[in-house]
Amino acid sequence: MGIKNLMKLIQASAPAAVKEITLKELLGRKVAIDASMTIYSFLVAVRSSSDGAPSANLTNEAGEVTSHLQGIFSRTIRLMEHGVRPVYVFDGKPPTLKSGELAKRKEAKEKAKIDLEAAQARIAAAGEDDAEAAKEAVAEAEKLAKRTVHMQGSHQEEAKHLLRLMGVPVVEAPCEAEAQCAALAKAGVVWAAATEDMDTLCFGTPRLLRRLTFSEARKLPVWEISLPKLLADLGLSMDQFVDVCILCGCDYLEPLKGIGPVKALERVRKHGDLAAVIEALREEGKVPVPEGYPIDEALRLFHEADITDPETLRGDIKWTAPDEAGLVEYLVDQKGFNADRVRNAIERLKKARAKGGQKRMDSFFTMGAKAKAAPAAKKGAAKPKSAAAKPARRTSASVKAGAAAAAAAAAAAASSAGTASPVAAEPSGAVVAAPSTGPASPAATPAEGPAGRSAPEAAATPAPVFFAASRPKPAASKRSSEDMDSAETSKAKRAK
DNA sequence: CTCGTCC
DNA sequence: TCGTCTGGCTCAAGACGAG
DNA sequence: TGAGCCGGACGAC
């Protein structure tokens with residue numbers, strides 16, 4: 001899943017697009033979560049071992065798997081206790097161009113299954129005689145079992161049922177959940193998409209949250225990746241960014257031998273767009289490009305992804321009171337959960353709902369902007385990717401001097417643009433080069449904050465910092481909606 | 001903090 | 001020679017609380 | 001499955 005090595009590329013060439021944030025900063029935020037990935041990770045991780053045997057998922061007495069329910073239940077409550085308002089987005093039908101990728105995964109899974117059976121046979125054969133061999137076989141079976149984890153439709157349906165009982169909104173995407181998450185974020189229906197899948201950036205989410213898992217500060221901080229900032233620092237338009245990602249290797253298209261992230265970026269900067277890059281590669285003849293290499297279709301999947309118009313979902317995305325009796329009946333009676341724990345959790349959930357429901361100060365601004373933007377939203381049918389889009393600026397130096405210089409140049413250019421006006425930092429409104437269904441208009445993307453906010457920060461740093469793990473806090477800058485986010489209530493009071 | 005439990 | 005890509009390898013992918 | 005690490009291949013300079 002995702003774009004190969006994209007995170008590395010970002011860390012090398014646009015590190016400032018990634019910000020470490022705490023859960024506190026997500027208070028009151030609506031966040032779209034890819035449900036399938038979440039469920040899958042719970043199925044893999046939530047296991048329990050019993051005396052010597054390889055670990056297995058949690059189950060009720062009837063043998064039905066409950067790991068995903070346990071995981072979703074506790075994580076959702078935990079998030080809501082921090083004031084996060086999660087929306088779970090479920091996959092629909094996968095696009096046909098993905099079938100190659102899916103077939104590959106299926107094959108790998110079947111192989112793992114065969115290996116697993118072999119390992120299990122070895123466990124049995126080793127018996128008590130050879131404790132050493134048995135232990136080894138168990139360890140191997142353990143790993144293989146995780147590789148054979150297969151998510152079933154029933155798991156998804158059960159998760160939906162649980163979430164609905166909890167009063168947490170569920171969205172059923174027509175196709176890929178990632179695309180729907182991005183559309184929701186782009187339209188401002190949610191504040192960000194939370195997923196590990198970097199594809200979501202290609203689908204145009206203005207904000208991507210990674211590592212929104214885990215409890216409190218116990219582990220790693222959450223990463224917020226800003227798309228406008230990323231584009232500015234890379235010096236790419238949205239279209240060009242997608243081009244780079246496709247060249248790096250995505251689920252839809254085999255990557256080209258000899259082209260990695262560095263060359264992908266270099267090439268797109270040099271030639272302007274994907275079609276031109278491919279053409280040049282064919283002419284040069286050094287990198288083999290397959291005959292019917294379907295770049296147009298891959299482009300279409302990203303630019304015109306099959307999604308439900310976020311505006312039609314806006315009204316349904318609500319956090320309602322949990323159905324307490326329903327939850328007890330489902331989790332305790334049907335799935336064998338501990339009654340006390342469930343009741344306790346429900347109490348926490350009810351309290352948590354109140355916390356997340358508090359209106360953020362900036363919601364006022366957001367709504368104002370949206371109201372104005374709405375009429376303008378209906379744009380004409382999507383242009384077939386304007387190849388005419390000028391290659392933003394091609395520094396010939398960057399090709400020569402490598403990523404470091406390129407990043408420096410890009411960062412400098414971006415920050416100077418950014419300080420002039422927060423809006424200008426959003427490159428050409430490319431972020432909202434919406435798919436045909438996309439209702440988003442530039443102004444409807446609320447609080448394109450990160451670009452505006454971190455631009456001054458970058459300007460204040462004379463030399464480019466490549467692994468800026470700990471950057472100084474940005475000084476409070478101009479008042480805009482995003483400043484309210486970080487400054488919270490104290491700022492709000494002063495503003496009064 | 002580690003380790004065992006959740007179902 | 002250096003930078004970049006590749007292929008093989010490994011590991012870990014949850015949340016919680018009792019002690 | 002992805003992400004980090006590493007020895008080796010290969011092309012650019």
Side-chain angles (χ1 to χ4, degrees), chain A residues 1-12 36-51 55-79 81-82 101-102 104-109 111-112 139-140 142-151 158 162 195-199 210-216 218-220 247-249 251 254-267 284-287 330-342 344-345 348 399-406:
Chain A
M1 282 250 159
I3 310 300
K4 258 191 205 158
N5 294 315
L6 179 54
M7 203 54 208
K8 267 191 196 161
L9 176 75
I10 293 174
Q11 277 167 337
S36 307
M37 294 209 89
T38 307
I39 291 171
Y40 183 82
S41 72
F42 284 132
L43 290 176
V44 171
V46 183
R47 316 182 134 246
S48 169
S49 53
S50 59
D51 57 306
S55 67
N57 284 119
L58 306 180
T59 59
N60 66 1
E61 282 185 347
E64 298 165 325
V65 171
T66 54
S67 294
H68 55 309
L69 300 175
Q70 175 86 33
I72 294 260
F73 193 51
S74 54
R75 181 181 290 178
T76 303
I77 293 173
R78 179 57 75 194
L79 283 173
E81 281 184 323
H82 282 89
E101 172 73 16
L102 295 177
K104 221 189 290 175
R105 284 182 208 170
K106 193 174 176 194
E107 198 180 323
K109 211 158 268 192
K111 183 183 179 308
E140 195 188 335
E142 181 96 38
K143 279 185 206 165
L144 291 166
K146 292 183 180 183
R147 272 187 245 167
T148 59
V149 164
H150 179 55
M151 188 174 33
E158 287 159 1
L162 172 61
T195 171
E196 300 310 301
D197 191 341
M198 301 293 285
D199 279 3
R210 295 196 91 192
R211 312 196 303 198
L212 185 68
T213 57
F214 48 83
S215 51
E216 203 99 24
R218 203 176 288 183
K219 274 199 193 166
L220 304 155
L247 280 170
C248 286
D251 286 352
E254 285 297 314
L256 299 170
K257 299 276 177 204
I259 303 288
V262 174
K263 290 191 178 160
L265 185 56
E266 208 175 276
R267 288 289 185 158
E284 292 166 25
K286 292 182 180 164
V287 175
Y330 186 55
L331 291 179
V332 178
D333 299 345
Q334 287 190 44
K335 299 297 179 185
F337 279 53
N338 176 290
D340 288 337
R341 286 173 206 266
V342 170
N344 189 24
R348 284 166 54 207
V399 179
K400 210 185 304 175

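Each chain gets a letter, A, B and so on, in the order the sequences are listed, and its residues count up from 1.
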query: Is there a Watson-Crick or G-U wobble partner for D:dA9 with both distances under 3.5 Å, and if so, which one is it?
result: C:dT4

message: Base, sugar-phosphate or nothing for A:Arg47? Non-hydrogen atoms, less than 4.0 Å.
response: base

- request: Could you check A:Gly258 against A:Glu81 and say which one's nearest nucleotide on DNA chain C is further toward the 5' end?
  value: A:Gly258

task: Can you measure from CD (A:Glu158) to NE2 (A:His68) and round to the nearest 0.5 angstrom?
output: 4.0 Å

query: Which nucleotide sits closest to the side chain of A:Phe42: C:dT4, C:dG14, B:dC7?
result: C:dG14

query: Are A:Leu9 and A:Met198 close enough, and set up right, to give a side chain to side chain contact (heavy atoms under 4.5 Å, CB included), and what steps lead you there?
result: CA-CA 12 Å; A:Leu9 176 75; A:Met198 301 293 285; over 6 Å; no

- line: d(A:Ile39 CD1, A:Met151 CE) to nearest 0.5 Å is 6.0 Å

query: For the pair made of NZ in A:Lys4 and P in D:dG4, what is the distance, rounded to whole Å?
result: 15 Å

- request: Between C:dC16, D:dG4, C:dT6, spot the one nearest the side chain of A:Lys8, thanks.
  value: D:dG4

- prompt: Looking at C:dA15, B:dC7, C:dG14, which one has an atom nearest to any side-chain atom of A:Leu58?
  reply: B:dC7

query: When the distance from CG of A:Leu212 to C1' of C:dA13 is rounded to whole Å, what number comes out?
result: 16 Å

message: What is the distance, to the nearest angstrom, from the CG atom on A:Asn344 to the C1' atom on C:dG17?
response: 12 Å

Distance, rounded to the nearest Å, where A:Tyr40 contributes OH and C:dG14 contributes P: 12 Å

- prompt: Can you tell me how far CD of A:Gln70 sits from NZ of A:Lys335, rounded to the nearest 0.5 angstrom?
  reply: 13.0 Å

- prompt: Run the salt bridge (Lys or Arg N to Asp or Glu O under 4.0 Å) check on A:Glu266 and A:Lys263 step by step: do they pass?
  reply: CA-CA 5 Å; A:Glu266 208 175 276; A:Lys263 290 191 178 160; over 6 Å; no

query: For the side chain of A:Arg78, counting heavy atoms from C-beta on, which of C:dC16, B:dC7, C:dC5 is nearest?
result: C:dC16

task: Identify whether any heavy atom of A:Gly260 sits under 4.0 Å from a base atom; if not, whether one sits that close to sugar-phosphate; answer base, sugar-phosphate or nothing.
output: sugar-phosphate

query: If you measure from the P atom in C:dA13 to the same atom in B:dT2, how many Å do you get, rounded?
result: 13 Å

query: Among the nucleotides B:dC7, C:dC5, D:dT1, which one has an atom lying closest to any side-chain atom of A:Pro261?
result: C:dC5

query: How close or far is atom P of D:dT1 from atom CZ of A:Arg210, stated in whole angstroms?
result: 17 Å

- prompt: Separation of A:Asp251 atom CG from D:dT1 atom P, in whole Å?
  reply: 11 Å

field: Per A:Asn338 side chain, nearest of listed nucleotides C:dT4, B:dC7, C:dG14
entry: B:dC7

message: Between C1' on C:dT4 and NZ on A:Lys286, what's the gap in Å once rounded to a whole number?
response: 15 Å

Separation of D:dC10 P from A:Leu256 CG (nearest whole Å): 18 Å

message: Can you check the distance between C:dA15 and D:dA3, where both ends of the measurement are the C1' atom (answer in whole Å)?
response: 23 Å

message: In whole Å, measure the gap between the P atoms of D:dA9 and C:dC9 for me.
response: 16 Å

query: For A:Thr38, does its backbone N or O pair with a side-chain atom of A:Ser41 as donor and acceptor, under 3.5 Å?
result: yes

- prompt: Taking the side chain of A:Lys257 as its heavy atoms from C-beta onward, which of C:dG7, C:dC5, B:dC7 lies nearest to it?
  reply: C:dG7

message: Does A:Thr59 reach a base, just sugar-phosphate, or nothing at all? Heavy atoms under 4.0 Å.
response: base

